[in-house]
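These notes are about the structure you will find just below.
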Amino acid sequence: MKKQITIRVDEDALGYFKALAEELGVPYQSLINLYLRDCAQARRKPDLHWK
């Protein structure tokens, strides 16, 4: 089951996922969802070390 949300995403990050989605032939929102699900299942945490 999916829930619709509003999220703010940097233009460069969105551009990356849109280009990758086009290359793979899938909708970019589905690709982002698959990536987030993979991160959640793997318990991946973001690198928050600021330079």
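Index from 1, following the sequence.
In this structure, V26 is a member of the same hydrophobic cluster as V9, with clusters built from ILVMFWY side-chain heavy atoms closer than 4.5 Å. Hydrophobic clustering, with ILVMFWY side chains joined whenever heavy atoms are under 4.5 angstrom apart, groups I7 together with Y16.
The OH atom of Y35 lies 11.0 Å from the CG atom of L20; values are rounded to the nearest 0.5 Å. In this structure, CD in E22 is found 15.5 Å from CZ in F17, a value given to the nearest 0.5 Å.
The closest donor-acceptor contact from the side chain of D47 to the backbone of H49 lies under 3.5 Å.
Between L14 and Y28 the shortest side-chain heavy-atom distance falls below 4.5 Å. Residues I32 and L36 form a side-chain contact, since some pair of their non-hydrogen atoms from C-beta on lies under 4.5 Å apart. Side-chain contact between K18 and L31 is absent, with no heavy-atom pair separated by less than 4.5 Å.
Residues P27 and A21 come closest through the heavy atom pair C-CB, 4.0 Å.
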